[in-house]
Amino acid sequence: MRQHSHPFVPYRPARYDQAETVRRGEDFVSFLDRRRSVRFFSDEPVPRRCVDLAITAANTAPSGAHLQPWKFAVIGDAETKHRIRVAAEQEERVNYEGSRIPPEWRAALAPLETTADKSFLDVVPWIVVCFAEKSTAMPDGSLRKNYYVNESVGIACGFFIAALHAMGLSTLTHTPNPMGFLTRICERPGNERPYVLFPIGYAAADCEVPYLTRKSVAEATTESPRPL
Ligand code: IYR
């Protein structure tokens with residue numbers, strides 16, 4: 001028997017035969033491959049429960065020392081959504097019309113046809129802002145340092161995005177930088193940094209997305225050791 005200094009419990013993840021293992025992988029890939037980032041949303045209401053479920057999915061993510069260094073600010077009222085839109089568009093106008101986006105970056109974005117117009121922030125039923133906690137305020141008032149914050153929060157956001165997709169909802173990984181306005185509007189403390197903003201809703205009936213293809217497994221793979 002292993003000896004532990006902290007509580008451990010048995011863990012028996014589902015096991016499938018090889019054919020079933022592959023089949024399930026293929027199903028999961030085809031599910032994920034149907035997800036697209038959306039910029040044209042319907043104003044149709046979405047139950048708050050769906051937002052809570054996406055956050056609960058994010059909470060299942062692995063994190064550095066299991067410190068779960070994230071907080072999700074949920075915004076559903078029209079006035080706050082509008083304040084976020086106005087502030088985001090103000091920053092994005094500087095990005096697009098000023099020189100904060102250098103030419104090379106601008107060229108990379110061109111196929112997406114993104115602009116400073118963020119009207120979807122008024123349209124969607126929900127906006128969720130993920131904050132990364134560099135440290136976490138403990139009940140005794142002390143600050144606990146967190147580890148691998150970016151990695152942890154990035155993975156949690158991936159789970160969040162996948163959960164929305166599973167519910168038939170759409171989102172956009174939106175970063176209207178600099179995002180300090182989100183700290184103020186969401187009234188978050190200084191140990192939290194705005195990480196990503198997610199508009200959430202159903203895709204508009206006439207939604208379009210840029211044509212794109214995804215990297216093949218060969219393009220995304222290198223063999224180690226490299227074959228001769
Ligand atoms: N944050 C800006 C610019 C932007 C940057 C990247 I990288 C994108 O993939 C898309 C947009 C905006 O949201 O418009």
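All ligand and atom numbering here is 1-based and tracks the order in the structure.
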Original post:
Aromatic rings Phe28 and Phe31: how do their planes relate, parallel, tilted or perpendicular, breaks at 30° and 60°?
Top reply: tilted
**OP:** Enumerate the atoms of ligand 1 whose separation from the nearest heavy atom of Glu92 is less than 4.0 angstrom.
**Re:** 1 (N), 2 (C), 12 (C), 13 (O), 14 (O)
**OP:** For ligand 1, indicate whether the residue Leu109 contacts it via side chain, backbone, both or neither (heavy-atom separation under 4.0 Å).
**Re:** side chain
Original post:
Quick one: does Asn177 get within less than 4.0 Å of ligand 1, heavy atoms only?
Top reply: no
Original post:
Against heavy atoms of His174, which atoms of ligand 1 measure under 4.0 Å?
Top reply: 13 (O)
**OP:** Taking all non-hydrogen atoms of both residues into account, name the closest pair between Tyr96 and Ala116 and its distance.
**Re:** CD1-N, 3.8 Å
Subject >> NZ or CZ of Arg193 within 45° of Phe131 ring axis and under 6.0 Å >> reply: no
Original post:
What is the closest protein heavy atom to atom 7 (I) of ligand 1, and at what distance does it sit?
Top reply: Trp105 NE1, 3.5 Å
Original post:
Does the N or O separation between Tyr96 and ligand 1 drop below 3.5 Å for any pair?
Top reply: yes
Original post:
Are Arg39 and Glu208 within salt-bridge range, i.e. N to O under 4.0 Å?
Top reply: no
**OP:** Write down the atom of Val124, the atom of Leu121, and the distance for their closest heavy-atom approach.
**Re:** CG2-O, 4.0 Å
Subject >> Proximity of Phe72 and Phe160 rings by center, below 6.0 Å >> reply: yes
**OP:** Answer yes or no for Thr175: is there a heavy-atom contact with ligand 1 below 4.0 Å?
**Re:** yes
Original post:
Which ligand 1 atoms does Lys118 reach within 4.0 Å, using its non-hydrogen atoms?
Top reply: 12 (C), 13 (O), 14 (O)
